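Every number for a ligand or one of its atoms is a count from 1 in the order of the listing. The analysis underlying the following values was restricted to heavy atoms, covering all of them including side chains, and did not include hydrogens, waters or symmetry mates. For clarity, every value in this text was computed on a predicted model and none was experimentally measured.
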Amino acid sequence: MGILNVTPDSFSDGGQFDKPAKALQRVRQMIAEGADIIDIGGESTRPGARAVSIEEELERVIPLIEAIRAESDIPISVDTSKAPVMLEAVKAGANMINDVRSLRESGALAEVAGLEAPVCLMHMQGEPRSMQTNPHYQNVVEEVLQFLLQRVEVCVAAGISRDRLAIDPGFGFGKTLQHNLALFHALDRFVATGLPVLVGVSRKSMIGQLLDIPVEARMPASVALAGLASWLGAAILRVHDVQPTVHAVRMCRAIKNSD
Ligand code: 9MG
């Protein structure tokens with residue numbers, strides 16, 4: 001899953017793709033590099049990010065989804081928590097919803113129940129504005145897993161069938177470095193649920209904190225973690241650097257399938 005943030009304040013690509021022509025060019029490049037899904041987000045979820053209005057988010061993502069659909073049938077995921085954006089994005093041609101708030105925002109659950117698109121449910125402690133202030137868990141793996149399983153049951157009860165759902169531990173969303181490491185170490189527990197697991201660690205601060213490197217130097221570690229996540233059974237890798245990730249994953253799969 002290639003990331004396309006159409007926001008002026010994204011943490012790692014810093015608003016490079018908030019102009020339609022540049023965004024479309026980037027989509028073409030990610031498709032050529034082997035992306036299977038393009039994830040489009042119009043509201044930054046980086047720590048401290050400001051909220052945007054429904055109108056602003058629609059203006060950012062809908063024309064781009066339409067423009068991609070006019071020239072490609074690549075699966076498009078919309079990274080949003082807002083029910084009206086989910087609906088308009090699917091109408092414009094999006095195939096999947098990626099919600100960092102796990103359909104907890106007003107109207108989101110009912111909206112998605114009325115659609116057919118698959119959904120990724122992500123764990124986040126707190127809200128982007130304050131989530132990194134003092135993340136706290138008794139047992140991060142158990143709490144994150146239980147939260148996601150509960151959200152799955154809420155979705156199923158609302159009429160969203162299990163085969164439409166994917167789960168995501170939400171690396172960096174209300175988590176310290178130790179929490180992120182523990183979750184990655186326990187990725188097999190998430191995979192064992194039988195639900196597809198999405199992993200998003202690309203260029204994130206857990207890499208910066210451990211290696212003490214700035215965001216521009218985090219590609220090699222991101223690719224290594226993507227390979228490891230794929231080895232451990234992750235189904236979807238949300239990444240900025242598509243081509244090196246595709247190469248790493250192909251090598252991991254070839255080795256895994258060789259015995
Ligand atoms: C939008 N977004 C930013 N980071 C993410 C992650 O780790 N997972 C998912 N599902 N979405 C993310």
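- Proximity of Val199 to Phe190: side-chain heavy atoms (C-beta onward) are nowhere separated by under 4.5 Å.
- The side-chain hydrogen bond (donor to acceptor under 3.5 Å, both in side chains) with Lys82 is formed by just one residue from the set Glu105, Glu57, Glu111; it is Glu57.
- Asn95 and Arg69 are linked by a side-chain donor-acceptor pair at a separation below 3.5 angstrom, with hydrogens and angles left out of the test.
- A distance below 6.0 Å separates the ring centres of Tyr137 and His179.
- In terms of modelled atom types and a separation under 3.5 Å, the side chain of Ser202 and the main chain of His240 share a donor-acceptor contact.
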Stepwise side chain to side chain contact (heavy atoms under 4.5 Å, CB included) check, Phe173 with His123: CA-CA 7 Å; Phe173 284 82; His123 175 273; 6.0 Å; no
Once you restrict both partners to nitrogen or oxygen, which atoms of ligand 1 have a protein partner under 3.5 Å, and how far apart are they?
residue	atom	partner	partner atom	Å
ligand 1	2 (N)	Arg238	NH1	3.4
ligand 1	4 (N)	Lys204	NZ	3.1
ligand 1	4 (N)	Arg238	NH1	3.4
ligand 1	7 (O)	Gly200	O	3.2
ligand 1	7 (O)	Lys204	NZ	2.7
ligand 1	8 (N)	Asp168	OD2	2.5
ligand 1	10 (N)	Asn98	OD1	2.7
ligand 1	10 (N)	Asp168	OD2	2.7
ligand 1	11 (N)	Asn98	ND2	3.1

